[in-house]
Amino acid sequence: MAGFSSKSRKLDRNGISSWKLKYKLLYVEENLVGIEKNVDEIESWLQDPSPDAAILFIHGMGGIGKTIISKCILNSNYHYYDANCFLANIHETSSQPGGLLSLQKQLVSAVLISEKEEVICNLDDGTAKITHAICNKKVLLVLDDITTRQQLIALLGPQHFYGGSKVIITTRHKWLLNDFRVHPKGTSKVEGLILDMQRIHTNKKSFKFGAIEKMKNLKLLQLDYATFCGSYKKLPKKLRLLRWHGFPFKSIPPNVPLHKLVVLDLRYSKLKQVWDGFKVIELGFLKILNLSYSMELIKTPNFVTLPNLESLLLEGCLSLTKVCESIRYLERLVLFDISDCRSLKEIPCLPKSLVSLKMRGFSNLGGIGRVQCMESFSLSSRLANIDISYCNLFDKSFPEDWSNFILLKSLDISGNHITSLPSCVKSIPSLEVLNANKCSHLQLVLDVPKSVTNLFLCDNKSLEIVQPTPIRCELQVEGCEKLRAVKGLLKRESIKNVDKKVIRYLGLESIFEDIYMEKDSIKVTYEFGIYSTYVIGDTLPCYLYKESGSKISFKVPSHPNGSKVSALNVCFRATESPYFVANIQHVWDVKLENKTKDMVWYYCPGTTSDIKRCSGFIWLSLWRTGNLLDDGDEIVFSSKVSKGAVNECCVNLLYDDDNDDGGEEIDEEKKDNHWLNDNHISWIDKLAVEVSHFVGQVKIGCFQHFLPGFSVERWRLLSRLV
């Protein structure tokens, strides 16, 4: 009897039609007695994923129920397979003329789910077509009453099965088993098993432990979102790792053999308490306990029974109200994570062995005033990583001193209500990574520890001034709309706070009357030794060289007094494109090429977010070039605008003797305070990276506006490589 082809029906959520779950393919007498045990054992075998367990022999004398058992198995399980076939009375059929060929046709039609009988020329052709069909589908086959080796070869070929396929063979002749690998400007060798019910489309509600019980050497077991029935004592005793996401019980049954476990991962479980009642289970080998996102978990276990625990992960346990005080006795605990445990009111004393403490989103931490549990004397001096982001902390929530955290390398204080860098953070001697993103009230970041190499300050809407560590610090400040000063790297101020000498050298004085905007709304940026600004207007300064279009070239003339070029004015006028978009961070690029020295400088200036829609604008810049230009050098300047067109550009040269004393002078001792406290751009300001620093060192230099991920050290390295 061959399988049948299914037609369109209403499907349940697992893709299996409800009528198919109830439908019986083969007639079996009701109220049969004495076969339940055999059927249960075979169904356990069906769940065995081992490739060595693809074929099952049922042998014995006639009339003992071999055929009935195989029919029951097919009726109960066919809907879990892509195709199925029950070939009955093979001995009788194959003894008739063309009988074995007829059986091949039935099998191929059933596996391919075809209502037409397959055309098969001979037995070899049939075996080839069967082999191709069963190696591409998960099938359940029953070969009833096999008596010869020829029948097996004709109906199974070389036994190349698709993963998960199962074949049941009934026979009276035990000797047939010998032809198979039988494992009753096939589980004894299995050491790891994965069963992820989220990835398996099945309506089977629960499984039996029978198949797993046979895997005596199983050490790694993953049973995500699976439900089992039967005794948990049948789980292998050698388990080292048990991962059971979506663990379905309110507590771990006492008869689960966990004594040799090293890792217990029960994320997304339905646990309310870990152990059942007052049962105490000694888990002397357990090193990692992960109960994260167990939404109903109320309290942790008593840690006295977990003496070697190294990692305790409780992230997202929203109902957790108590961490057992015995945690202080976990002398080997290095990682403790209670992120987003919003119901937890207090934290007990923690062990001095801790290396990583994660409390992200622990909103009650800041609700008790100064955080006593964060005092340095109450925490491990071995801590290397602390995450207290989004913990509702204020300036006064932090303790005064963390200087004894001599091994602390990474700190995350993002999402808190601080206005400046807490004093305790400044005292950390070996801090390397500091995250303070999305602190909406943060205005000043000063006195960053000198050891910090990565400083993340993104999306701080109130941040104005940053004082990073010297040279080697990588700084990210994306989304800091009010940022106006980064010591040694960037200044951006209103024109009213800009030195008159800079205003004059930029060419602003000569075009003030032709600007179509309020003077106080003009902002000047100073970075890389380049002063720049943009204004709404259509008149360029009257400079030495001027050309229509986006490109201009000239040769540097000699000065009558023999003075050297010390600075360069580069300006252009652009008109708006019909497709101009407001608030673009990067609007234009400029390129300065010294063909004589074979050097190219690219500058990608940025704009502030207050650009308004306009018919045209002028970009003015002043480059402190040092010895970049010599008499006779052939210079080419070009520019392009992302959302518009450059109509005209001009260049001017400033010489050494043009540097009069029109600028304000500041003592060396006052320069630090000048940078941080005086919102002023002057001619004497010096930066850590300027155009003039790299003259003669690189052939191509790329000066990009102060963007996320900017690093002075990185820039220097890249420019040298280019």
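Just so you know, these numbers come straight off a predicted model, no measurement behind them.
Here the closest non-hydrogen pair linking Phe637 and Val590 is CE1-CB, 3.8 Å. Across all their heavy atoms, Pro541 and Gly507 have their closest contact at CG-O, 3.9 Å. Here the closest non-hydrogen pair linking Ser343 and Asn364 is C-ND2, 4.2 Å. Between Lys358 and Asn385, the closest heavy-atom pair is CE-ND2, 3.6 Å. Between Cys439 and Gly415 the shortest heavy-atom distance is SG-N, 3.6 Å. When all heavy atoms are compared, the tightest approach of Gly361 to Arg342 is O-CG, 4.2 Å.
Note that CD1 of Ile406 is 7.5 Å distant from OG of Ser430, once rounded to the nearest 0.5 Å. To the nearest 0.5 Å, atoms CZ (Arg573) and OG (Ser548) are separated by 8.0 Å. For the atom pair CD of Gln476 and CG of Asn454, the computed distance is 8.0 Å after rounding to the nearest 0.5 Å. Rounded to the nearest 0.5 angstrom, Thr533 OG1 and Arg492 CZ are separated by 10.5 Å. The structure places CG of Leu357 at 9.0 Å from CG of Leu335, a figure rounded to the nearest 0.5 Å. The line from OG of Ser638 to CD of Glu547 is 13.0 Å long, rounded to the nearest 0.5 Å.
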Subject >> Check against side-chain contact (heavy atoms from CB on, under 4.5 Å), Tyr545 and Cys650 >> reply: CA-CA 5 Å; Tyr545 304 100; Cys650 63; over 6 Å; no
**OP:** Test Tyr390 against Ser414 for side-chain contact (heavy atoms from CB on, under 4.5 Å), laying out the working first.
**Re:** CA-CA 6 Å; Tyr390 302 94; Ser414 300; 4.3 Å; yes
**OP:** Go through the steps to decide whether Cys571 and Tyr543 satisfy the test side-chain contact (heavy atoms from CB on, under 4.5 Å), and finish with yes or no.
**Re:** CA-CA 9 Å; Cys571 312; Tyr543 281 161; 3.4 Å; yes
Subject >> Test log, rule side-chain contact (heavy atoms from CB on, under 4.5 Å), inputs Asp447 and Leu421 >> reply: CA-CA 8 Å; Asp447 301 322; Leu421 204 61; 6.0 Å; no
Subject >> salt bridge (Lys or Arg N to Asp or Glu O under 4.0 Å) between Asp630 and Lys564, intermediate numbers included >> reply: CA-CA 7 Å; Asp630 290 322; Lys564 291 284 188 179; 3.4 Å; yes
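Around NZ of Lys461, the count of heavy atoms belonging to other residues, nucleotides or ligands within 6.0 Å exceeds 12. Counted within 6.0 Å of CD on Glu346, heavy atoms from surrounding residues, nucleotides or ligands total 12 or fewer; the atom is thus considered open. In this structure, Lys551 places its NZ atom where only 12 or fewer heavy-atom neighbours from other residues, nucleotides or ligands lie under 6.0 Å away. The number of heavy-atom neighbours closer than 6.0 Å to NZ of Lys438, taken from other residues, nucleotides and ligands shown, is 12 or below.
Residues Thr419 and Asp395 bring a donor and an acceptor atom of their side chains to less than 3.5 Å of each other. With no hydrogens or angles considered, no side-chain donor-acceptor pair links Ser682 and Asp499 at under 3.5 Å. Side-chain atoms of Tyr531 and Arg624 include a donor-acceptor pair closer than 3.5 Å. Side chains of Glu593 and Tyr602: a donor-acceptor N/O pair is absent below 3.5 angstrom, by distance only.
Val535 pairs with exactly one of Leu506, Ile522, Ile495 by the side-chain contact (heavy atoms from CB on, under 4.5 Å) rule, that one being Ile522. In summary, of the residues considered (Thr625, Asn652, Val556), a side-chain contact (heavy atoms from CB on, under 4.5 Å) with Leu568 occurs for Thr625 alone. Of the candidates Leu434, Val433, Leu475, Val433 is the only one forming a side-chain contact (heavy atoms from CB on, under 4.5 Å) with Phe456.
Side-chain atoms of Tyr526 never come within 3.5 Å of backbone atoms of Leu489 as a donor-acceptor pair (strictly under, hydrogens ignored). The backbone N or O of Arg267 sits nowhere less than 3.5 Å from a side-chain atom of Asn290 that would complete a donor-acceptor pair. Judged purely by atom type and a 3.5 angstrom limit, Asp387 has no side-chain atom pairing as donor or acceptor with the backbone of Met359. No donor-acceptor distance shorter than 3.5 angstrom exists from the side chain of Ser639 to the backbone of Asp589, with no hydrogens or angles considered. Between the side chain of Asn416 and the backbone N or O of Leu393 there is at least one donor-acceptor pair closer than 3.5 Å. Between the side chain of Ser380 and the main chain of Lys352, a donor-acceptor pair closer than 3.5 Å is present. Remark: the backbone N or O of Thr575 is paired with a side-chain donor or acceptor of Asn647 at under 3.5 angstrom. Remark: the backbone N or O of Asp401 is not paired with any side-chain donor or acceptor of Ser427 at under 3.5 angstrom. Without hydrogens or angle criteria, His417 side chain to Phe394 main chain gives no donor-acceptor distance under 3.5 Å. A donor-acceptor pair under 3.5 Å links the side-chain atoms of Asn460 to the main chain of Leu457, judged by distance alone.
At a threshold of 4.5 Å between non-hydrogen side-chain atoms, the residues Ile288 and Asp265 do not count as touching. You'll find the side chain of Leu483 reaches within 4.5 Å of the side chain of Val466, heavy atoms only. Here the side chains of Val448 and Lys426 are not in contact, with every heavy-atom distance at 4.5 Å or above. Side-chain contact check for Lys491 versus Asp685: some heavy-atom pair is nearer than 4.5 Å. Annotation: side chain of Ile465 is in contact with side chain of Leu446 (closest heavy-atom distance under 4.5 Å). Ile338 is listed as a side-chain neighbour of Ile347, based on a closest heavy-atom distance under 4.5 Å. The shortest side-chain heavy-atom distance between Leu431 and Leu411 falls under the 4.5 Å cut-off. In this structure, the side chains of Leu314 and Phe336 come closer than 4.5 Å at one or more pairs of heavy atoms.
Ring centers of Trp619 and Tyr534: at least 6.0 Å apart, outside the cut-off.
Between Arg360 and Asp340 there is no salt bridge, since no side-chain N of the basic residue sits under 4.0 Å from a carboxylate O of the acidic one. Look at Glu493 and Lys523 and you find no salt bridge, because none of the NZ, NE, NH1 or NH2 atoms lies under 4.0 Å from a carboxylate O. Classification of Lys597 and Asp633 as a salt-bridged pair holds, one side-chain N sitting under 4.0 Å from a carboxylate O. Ion pairing between a basic and an acidic side chain is recognised when a charged N comes within 4.0 Å of a carboxylate O; Glu464 and Lys482 show no such pairing.
Below 30°, between 30° and 60°, or above 60°: for Tyr603 and Phe528 the angle between ring planes is above 60°, a perpendicular geometry. A perpendicular orientation is assigned to the rings of Phe398 and Trp402, their planes being inclined by more than 60° (bins at 30° and 60°).
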